[in-house]
Amino acid sequence: MTAAYVETEARERGTAVVIGGRWDVAAAGGIDGPLRALKLPRGDKVTVDAGKLERLDTAGAWLLHRTLKQLEADGVAVELANLAEMHKLMLDQVAANDKEVAHEPAPPNALIRVVAHLGEGALDALDEGRQVLGFFGQLCAAIAGTIVRPWRLRFTPLVYQIEQVGLNALPIVGLISFLIGVVLAYQGAVQLQRFGAEIFVVNLIGVSVLREIGILLTAIVVAGRSGSAFAAQIGSMKLNEEVDAMRTLGLDPMEVLVLPRVLGLVIAMPLLAFFADMMGLLGGGLMAWVVLDIAPVLFIDRLNEAVGLWSFWVGLIKAPVFGLLIAMVGCMEGLRVTGSAESVGRQTTRAVVTSIFLVIVVDALFSIFFSTVGV
């Protein structure tokens, strides 16, 4: 075969660029220079004659395509003539793959990445707050509708939810509260013995368990136990299109699924908090008896002197609010499940994390409020 070549000649109808020989990868280096150096007057009419082209592979087709494209960019009217059919198919394939490759921008510096990440997190938090507030509005509307039409409240699911989230949670809540009371009494005794003030361990146990530790631990356990269960149950129903079927039948998921769970947890939460308080005091009193030799009668007398009635009521006042938050977030995340089993796990995790976060934030607000009013 003839070696690849490029020639320019004058014809009656204008300038002709004659290409011929073997245009393949072996000859690409030799003809690349002449093709780049090819300069024709702007506005001229040029015919690229490929009648003597003997072989064309993808490398040669790319060179030919690049040349035609460059001539057209320079304002030269180009006409390709005498190109064999199979060579034309090769050229068309190369032209179809000639796309601009998007180059990724250089990554920003570390400070910009951190600021951008914080901004995205803040926007996500605002969006989450907006959705929680919107769901709370829907829940309030459902409660108002139930007050106006009380016969629509489903008592059987309500009693079932009270049993599930309240009665069945007593063992784990009681055990954790008892052990926390033991830990508080032991650690407090070790520190107070240095100052000869062992008797004040009763104050420590009473105030911390009744005002904060009892209800806060109960809320965290319930969020991990019942909040996640609400999200998983409703999420599975959403995944299986049972929620859509309810709407088709004219049933409101807020009344059928959400309201019994929310009311059940709001009712059960004060009972769990009371039980947790008693178990925490029992654990603390037992450890004070063992370590400090504070008899149970002395412990109870000192507890009556050190802890006022409001310390008991402060924990119970928080309980229904925490129950409302946990149940509401769990049901909301369950209704947000979309598409796959992975979404069920993701929304269940979000339900637990969000509810615990809200419980701690609201507990801090309660502490500030009670401190302000002097309770």
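Here the structure is a predicted model, which is why all the values come from computation and not from measurement.
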Item to check | Residue pair K318, T218: steps toward the side chain to side chain contact (heavy atoms under 4.5 Å, CB included) verdict | outcome: CA-CA 11 Å; K318 299 176 184 177; T218 302; over 6 Å; no
Quick check on [X]: does its [atom1] atom have over 12 non-hydrogen neighbours (other residues, nucleotides or ligands) under 6.0 Å away?
X    : atom1 : answer
F370 : CZ    : yes
F274 : CZ    : no
F136 : CZ    : no

Starting from [Y], can I reach [X] by hopping between I/L/V/M/F/W/Y residues whose side chains sit under 4.5 Å apart?
X    : Y    : value
I172 : M269 : yes
L210 : L204 : no
V148 : L259 : no
L192 : V183 : no
L175 : I213 : yes

Distance, nearest 0.5 Å, that separates [atom1] of [X] from [atom2] of [Y]:
X    : Y    : atom1 : atom2 : answer
I215 : I317 : CD1   : CD1   : 11.0 Å
I162 : L167 : CD1   : CG    : 10.5 Å
I19  : L63  : CD1   : CG    : 10.0 Å
L272 : L316 : CG    : CG    : 11.5 Å
Q233 : S226 : CD    : OG    : 9.0 Å
L217 : D277 : CG    : CG    : 10.5 Å

Least distance between heavy atoms, [X] atom then [Y] atom:
X    : Y    : answer
V359 : A219 : CG1-CB, 3.7 Å
S355 : A223 : OG-CB, 3.5 Å
Q164 : R225 : O-NH1, 2.9 Å
V266 : P270 : O-CD, 3.0 Å
M287 : Y186 : CG-N, 3.8 Å
V291 : A189 : CG1-CB, 4.2 Å

Checklist entry - Thinking salt bridges, do K88 and E85 make one under a 4.0 Å N-O criterion? => result no
Checklist entry - Between E333 and R336, is there a side-chain N and carboxylate O pair less than 4.0 Å apart? => result yes
Next on the checklist: Looking at D57 and A59, would you say the former's side chain and the latter's main chain have a donor-acceptor pair under 3.5 Å?
Outcome noted: yes
Checklist entry - Quick one: does S311's side chain have a donor or acceptor within less than 3.5 Å of a partner on R211's backbone? => result no
Answer yes or no: is there a side-chain heavy-atom contact under 4.5 Å between [X] and [Y]?
X    : Y    : value
I234 : R261 : yes
L265 : Q161 : no
L281 : M278 : yes
F135 : C331 : yes
T47  : E79  : yes
Q138 : V258 : no
M279 : L170 : no
K52  : E7   : no

Item to check | Pair V222-V165, side chain to side chain contact (heavy atoms under 4.5 Å, CB included): steps then yes or no | outcome: CA-CA 7 Å; V222 169; V165 303; 5.7 Å; no
Checklist entry - Going through the checks in order, is the side chain to side chain contact (heavy atoms under 4.5 Å, CB included) test met by L282 and F178? => result CA-CA 7 Å; L282 177 62; F178 179 84; 4.0 Å; yes
Next on the checklist: Checking M328 against L325 for the side chain to side chain contact (heavy atoms under 4.5 Å, CB included) test, could you report, in this order, the C-alpha distance in whole Å, the side-chain angles of both residues, the deciding distance, and whether it holds?
Outcome noted: CA-CA 5 Å; M328 183 181 67; L325 290 174; 4.3 Å; yes
Checklist entry - Looking just at side-chain N and O atoms, do S367 and E212 make a donor-acceptor pair shorter than 3.5 Å? => result yes
Checklist entry - What orientation do H65 and W62 show, parallel under 30°, tilted 30 to 60°, or perpendicular over 60°? => result tilted
Checklist entry - So K69 and E72, salt bridge (charged side-chain N to carboxylate O under 4.0 Å, His left out) or not? Walk me through it. => result CA-CA 5 Å; K69 187 176 178 181; E72 290 177 354; over 6 Å; no
